[in-house]
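So the structure is just underneath, and the comments pick up after that.
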Amino acid sequence: MTNCIAFHSYKGGTGKSTISSNLAALMATQGFSVVLLDLDVYAPSLQTYFNTRPRKWINDFLFDQADLDEVIIDSNSILINFLKENGNTDNKTISNLDKGKFYVGFSSTSKEDIYKLDGFARQETSKVQLLRKFIMMREEISEQYDPDYIIIDTSPGIRYWSINALAVANAILLSLKMDGIDIEGTRILSKEIYSSFAKLGTQAYLLLNRIAGYCHPPTLLPQNENKSNETHSSTSTNTLYSNILNEQSSTITKLKEDMSMDVISSIPCYCDIQFDSREFLTSLKYPQHPFTQQLLDLITELEKLFK
Ligand SMILES: Nc1ncnc2c1ncn2[C@@H]1O[C@H](COP(=O)(O)OP(=O)(O)O)[C@@H](O)[C@H]1O
Ligand SMILES: [Mg+2]
């Protein structure tokens with residue numbers, strides 16, 4: 001059976017693309033077959049990430065101008081080449097990839113294509129037609145490719161596109177950074193959207209990303225105090241840091257209660273990964289990195305969820 005997981009968030013920059021692409025690639029190296037779909041149609045990123053120029057886009061499929069097999073691109077070799085380039089030639093990983101299938105469906109980055117879809121989605125009559133195509137795409141992927149997972153990267157917010165993507169998922173992972181706007185926006189989304197999907201049987205979880213807990217902040221005292229007393233400043237840093245952790249922990253408890261949603265994963269802010277030039281495959285490049293371990297744990301959680 002194919003499980004379909006959509007990554008969504010209130011605002012951009014919460015890690016949807018980074019986590020969905022790393023997770024999908026890691027799943028493939030674990031032997032799962034995966035289809036990763038870029039449904040962030042307003043700001044697609046997977047095409048740049050995977051440096052692929054497909055002949056046909058998901059946009060073409062939605063407009064009946066392409067068949068599914070022209071849009072779903074076999075990208076197994078990208079992962080194998082990437083692993084080899086980075087000296088990660090562990091036999092099990094490579095042979096898992098031979099077994100596991102890794103496909104990606106890309107959204108067009110052309111301005112005209114994005115405007116065309118956007119215009120179409122604004123007309124009431126074509127909206128229903130587009131939703132039908134979304135459902136058809138998910139069904140055809142399941143029938144033709146029979147993947148273990150379809151992983152969807154979506155547009156943030158309550159745009160028509162994201163709602164379509166959420167409608168075909170059987171689990172929604174709602175990523176958020178722990179800042180005030182994100183927390184408040186997530187509350188709104190939870191009331192207005194996820195609760196309706198939950199009634200239809202879709203599972204929804206919070207995925208806390210970039211939480212405190214990896215890099216310790218530098219001393220955040222005013223400069224004059226900073227210089228004067230090393231011991232004092234380091235004590236203050238510890239106090240500040242433990243305050244941040246305490247505050248974070250009570251915010252998380254409150255969030256879970258308010259939204260009646262569980263937290264499926266809490267991923268710290270790994271300042272180093274955002275500077276990796278190919279951050280969408282960090283987990284393959286650095287198998288020992290704690291970020292990779294977090295994603296492996298997430299795979300285990302997802303497997304439990306769908307058992
Ligand atoms: N756990 C993390 N630690 C550090 N940086 C992260 C983490 N998750 C994502 N990022 C960085 O945050 C930025 C935004 O992530 P991205 O995946 O593009 O967000 P979105 O797709 O939700 O807009 C990227 O530069 C990415 O490297
Ligand atoms: Mg993105």
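Numbering starts at 1 and runs along the sequence shown. Numbering of ligands and ligand atoms starts at 1, following listing order. Just so you know, these numbers come straight off a predicted model, no measurement behind them.
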(request) Output the distance between atom CD1 (I73) and atom CZ (R55), rounded to the nearest 0.5 Å. (result) 8.5 Å
(message) My understanding is that only one of L208, T18, I19 makes a side chain to side chain contact (heavy atoms under 4.5 Å, CB included) with I267; could you say which?
(response) I19
(request) Report the nearest protein non-hydrogen atom to atom 27 (O) of ligand 1: residue, atom name, distance rounded to 0.1 Å. (result) E279 OE1, 2.3 Å
(message) Yes or no: does S20 have any heavy atom under 4.0 Å from an atom of ligand 1?
(response) no
(request) Run the numbers for me: atoms of ligand 1, each under 4.0 Å from some heavy atom of T14, listed by number. (result) 19 (O), 20 (P), 22 (O)
(message) I'd like to check which ligand 1 atoms, numbered from 1 as shown, lie under 4.0 Å from a non-hydrogen atom of P268.
(response) 1 (N), 2 (C), 3 (N)
(message) Please classify the D153 to ligand 1 contact at 4.0 Å (heavy-atom distances, strictly less than): side chain, backbone, both or neither.
(response) neither
(request) Among all protein heavy atoms, pick out the one at the shortest distance from atom 16 (P) of ligand 1; state its residue, atom name and that distance to 0.1 Å. (result) T18 OG1, 3.5 Å
(request) For the Mg ion (ligand 2), decide whether S17 has an N, O or S atom at a distance under 2.8 Å. (result) yes
(request) Answer yes or no: is there an ion pair linking K133 with D64, defined by an N-O contact shorter than 4.0 Å? (result) yes
(request) Among all protein heavy atoms, pick out the one at the shortest distance from atom 23 (O) of ligand 1; state its residue, atom name and that distance to 0.1 Å. (result) G13 N, 2.7 Å
(request) Give the ring-plane orientation class for H289 versus Y286, where under 30° counts as parallel, over 60° as perpendicular and anything between as tilted. (result) tilted
(request) Can you sort out which atoms of ligand 1 are near S17, meaning under 4.0 Å from one of its heavy atoms? (result) 17 (O), 21 (O)
(message) Could you check whether F63 and W57 have their ring centres less than 6.0 Å apart?
(response) no
(request) Could you label the plane-to-plane angle of the F280 and Y49 rings as parallel, tilted or perpendicular, counting under 30° as parallel and over 60° as perpendicular? (result) parallel
(request) Just let me know how S175 lines up against ligand 1, side chain, backbone, both or neither, with a heavy-atom cut-off below 4.0 Å. (result) neither
(message) Using a 4.0 Å cut-off to any heavy atom of I267, which atoms of ligand 1 qualify?
(response) 1 (N)
(message) How far is atom 19 (O) of ligand 1 from the closest protein heavy atom, and which atom is that?
(response) G15 N, 3.0 Å
(request) Any atoms of ligand 1 less than 4.0 Å from a non-hydrogen atom of G12? List them with their elements. (result) 23 (O)
(message) Is there a side-chain contact between P147 and V34 in this structure, where contact means two heavy atoms from C-beta onward sitting under 4.5 Å apart?
(response) no
(message) I'd like to know if the side chain of S126 and the backbone of F120 have a donor-acceptor N/O pair within less than 3.5 Å.
(response) yes
(request) Below 4.0 angstrom from a heavy atom of K16, which ligand 1 atoms are there? Numbered from 1 as shown, please. (result) 17 (O), 19 (O), 20 (P), 21 (O), 22 (O), 23 (O)
(message) Here's one to test your reading of the geometry: is the NZ or CZ of K285 within 45 degrees of the ring axis of F82 and under 6.0 Å from its centre?
(response) no
(message) With a cutoff of 4.0 Å, is S9 in contact with ligand 1, counting heavy atoms of the residue only?
(response) no
(message) Within 45 degrees of the ring normal and closer than 6.0 Å to the centroid, is that where the cationic atom of K101 sits relative to Y145?
(response) no
(request) Starting from atom 9 (C) of ligand 1, find the nearest protein heavy-atom neighbour and note its residue, name and distance. (result) N209 ND2, 3.7 Å
(message) Using a 6.0 Å cut-off, check whether atom OH of Y270 has over 12 heavy atoms from anything other than its own residue.
(response) yes
(request) Look at atom 2 (C) of ligand 1 and say which protein heavy atom is nearest, naming residue and atom and giving the distance to 0.1 Å. (result) R210 CG, 3.6 Å
(request) Look at atom 3 (N) of ligand 1 and say which protein heavy atom is nearest, naming residue and atom and giving the distance to 0.1 Å. (result) Y270 N, 2.9 Å
